[in-house]
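Below is one structure, written out as structure tokens, with a few remarks after it.
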Amino acid sequence: MKNTTTIAWKEIKIYFVSPMAYIIMAVYSALAAYYFVTSVSGVLPEATIRGFIFPSTLIFTLLSPILTMRLLSEEQKLGTLELLMTSPVRDYEIILGKFIASMASLLSILIPTLYLVLILTWFGSPDMGPIFSGYLGLILYGMATLSVGIFASSLSGNQIVAAVLAMGVLLILSIIDLASTYLTGTIADMVMHISLTNHLESFARGVIDTHDIVFYFVFTSFMLFLTIRSLESRRWR
């Protein structure tokens with residue numbers, strides 16, 4: 001656990017000393033505010049954060065690969081990954097440490113949007129249940145997208161290639177539920193089941209379904225498992 005914490009802390013410090021961290025925070029906060037204002041001032045305004053939850057799925061498709069593209073790609077490019085792998089650190093500790101750091105980055109992006117909740121409570125009487133479930137859903141969705149980004153980062157020493165690969169995979173997993181309208185039976189059910197956005201809908205409605213929580217944790221664990229196997233395969237190259 002100590003090795004994991006050390007790696008995570010190193011990555012967190014690298015992230016927060018970079019201006020890119022604050023640019024990403026500002027961009028996401030601005031987009032969230034735009035979609036929030038659009039939803040609460042529309043034809044049927046609601047005192048809820050639902051307005052920026054689903055747009056965030058597309059935003060995370062772009063931001064998560066940016067947050068994770070350097071985690072392993074840069075290590076490969078600089079040759080420090082081999083040094084790290086020959087040190088007394090297990091592969092899963094490396095991956096887990098970097099994943100924890102990426103989750104800290106994700107939370108740092110979501111925290112500034114809490115001022116939108118303060119605005120709601122100041123000017124209205126929102127139901128806090130859907131707000132809590134909405135943020136929980138975004139965290140779980142972001143967790144899944146980060147795991148894809150880390151896996152893509154383990155496949156290439158080029159950060160741009162890793163980012164583009166992750167964006168492509170996430171885009172497919174985010175819109176694949178649209179294909180279910182052209183399918184029937186078991187295949188349609190399978191397509192809906194692997195859709196990342198489909199499992200976010202209940203959270204946006206204020207419903208915390210354990211089935212959706214389990215899906216995100218299993219999906220994330222599977223992607224991290226693949227990342228560990230990708231890292232282990234480098235020992236035989």
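This chain uses plain numbering: 1 for the first residue, then up along the sequence.
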Shared hydrophobic cluster, Val218 / Ile150 (ILVMFWY, side-chain heavy atoms < 4.5 Å) = no
Which pair of heavy atoms, one from His199 and one from His211, lies closest together, and at what distance?
-> CE1-CE1, 3.6 Å
Expected list for residues 101-111: side-chain donor-acceptor pairs under 3.5 angstrom, two or more places apart:
residue : atom : partner : partner atom : Å
Ser102  : OG   : Phe99   : O            : 2.6
Ser105  : OG   : Ala101  : O            : 3.1
Ser108  : OG   : Ser105  : O            : 2.5

For Glu11, check salt bridge (charged side-chain N to carboxylate O under 4.0 Å, His left out) against everything at least two apart and list the hits.
-> Arg70, Lys98
For Asp212 and Ser202, test the side chains for any donor-to-acceptor distance below 3.5 angstrom and give the result as yes or no.
-> yes
Using modelled atom types only, decide if a donor and an acceptor are shared between the side chain of Ser73 and the backbone of Ser153 within a distance under 3.5 Å.
-> yes
May I ask you to test the Pro65-Leu170 pair for a side-chain heavy-atom distance under 4.5 Å?
-> yes
Residue set satisfying side chain to side chain contact (heavy atoms under 4.5 Å, CB included) with Val27, at least two apart, ordered chain then number -> Ile23, Leu31
In terms of hydrophobic clustering (I, L, V, M, F, W, Y; side-chain heavy atoms under 4.5 Å; direct or indirect links), are Phe151 and Val164 co-clustered?
-> no
Can you name the residues that form a side chain to side chain donor-acceptor pair (under 3.5 Å) with Ser18, not counting sequence neighbours?
-> none
Counting heavy atoms not belonging to Tyr34, are there more than 12 under 6.0 Å from its OH?
-> no
Measure across Leu155 and Ser230 and return the closest heavy-atom pair with its distance rounded to 0.1 Å.
-> CD2-OG, 3.7 Å
Ala144: what forms a side chain to side chain contact (heavy atoms under 4.5 Å, CB included) with it, not counting sequence neighbours?
-> Leu196, Tyr216, Phe219, Thr220
Which hydrophobic side chains are connected to Leu58, either touching it within the sub-4.5 Å cutoff or through other members that do?
-> none
Could you pull out the closest heavy-atom pair between Ala162 and Met69, with the gap in Å?
-> CB-O, 4.3 Å
Hydrophobic clusters join Ile, Leu, Val, Met, Phe, Trp and Tyr when side-chain heavy atoms are under 4.5 Å apart, directly or via other members; which others share one with Ile14?
-> none
Run the numbers on Leu140 and Phe215 for side-chain contact (heavy atoms from CB on, under 4.5 Å), then give the verdict.
-> CA-CA 10 Å; Leu140 293 173; Phe215 168 80; over 6 Å; no
Do Phe132 and Ile208 have side-chain heavy atoms sitting under 4.5 Å apart?
-> yes
To the nearest 0.5 Å, how far apart are OG in Ser64 and CE in Met143?
-> 11.5 Å
With distance as the sole criterion, is a donor-acceptor pair present between the side chains of Tyr115 and Ser29 under 3.5 Å?
-> no
Which residues satisfy the side chain to side chain donor-acceptor pair (under 3.5 Å) test with Thr57, sequence neighbours excluded?
-> none
Would Val214 end up clustered with Leu173 when hydrophobic side chains under 4.5 Å apart are linked, directly or stepwise?
-> no
Distance (rounded to the nearest 0.5 Å) between Leu224 CG and Leu146 CG = 9.5 Å
Taking Thr197 for the side chain and Ser174 for the main chain, is one N or O donor matched with an acceptor at less than 3.5 Å?
-> yes
How about Tyr92 and Thr227: does a side-chain donor come under 3.5 Å of a side-chain acceptor?
-> no
Which value, rounded to the nearest 0.5 Å, describes the distance between Thr61 atom OG1 and Met167 atom CE?
-> 9.0 Å
When rounded to the nearest 0.5 angstrom, what distance separates CD1 in Ile213 from CG in Asp209?
-> 7.5 Å
Sequence-distant partners of Phe60, ring-ring contact (aromatic ring centres under 6.0 Å, His included), two or more places apart | Tyr28
What is the distance from atom CD of Glu93 to atom OG1 of Thr6, rounded to the nearest 0.5 Å?
-> 9.5 Å
Apart from Ile100 itself, which Ile, Leu, Val, Met, Phe, Trp or Tyr residues share its cluster (side-chain heavy atoms under 4.5 Å, direct or through members)?
-> Leu96
Rounded distance (nearest 0.5 Å) linking atom CG of Leu71 with atom CD1 of Ile94 = 12.5 Å
Output all residues satisfying side chain to side chain contact (heavy atoms under 4.5 Å, CB included) with Phe222, sequence neighbours left out; order by chain, then residue number.
-> Leu226
With a 4.5 Å limit on heavy-atom distance, are the side chains of Tyr22 and Phe16 in contact?
-> yes
Same apolar cluster: Ile131 and Leu118, side chain cutoff 4.5 Å = no
Same cluster (ILVMFWY, side-chain, under 4.5 Å), Tyr135 and Val207 | no
Applying side chain to side chain contact (heavy atoms under 4.5 Å, CB included), name anything that partners Val161, two or more places apart in sequence or on another chain.
-> Ser156, Asn158
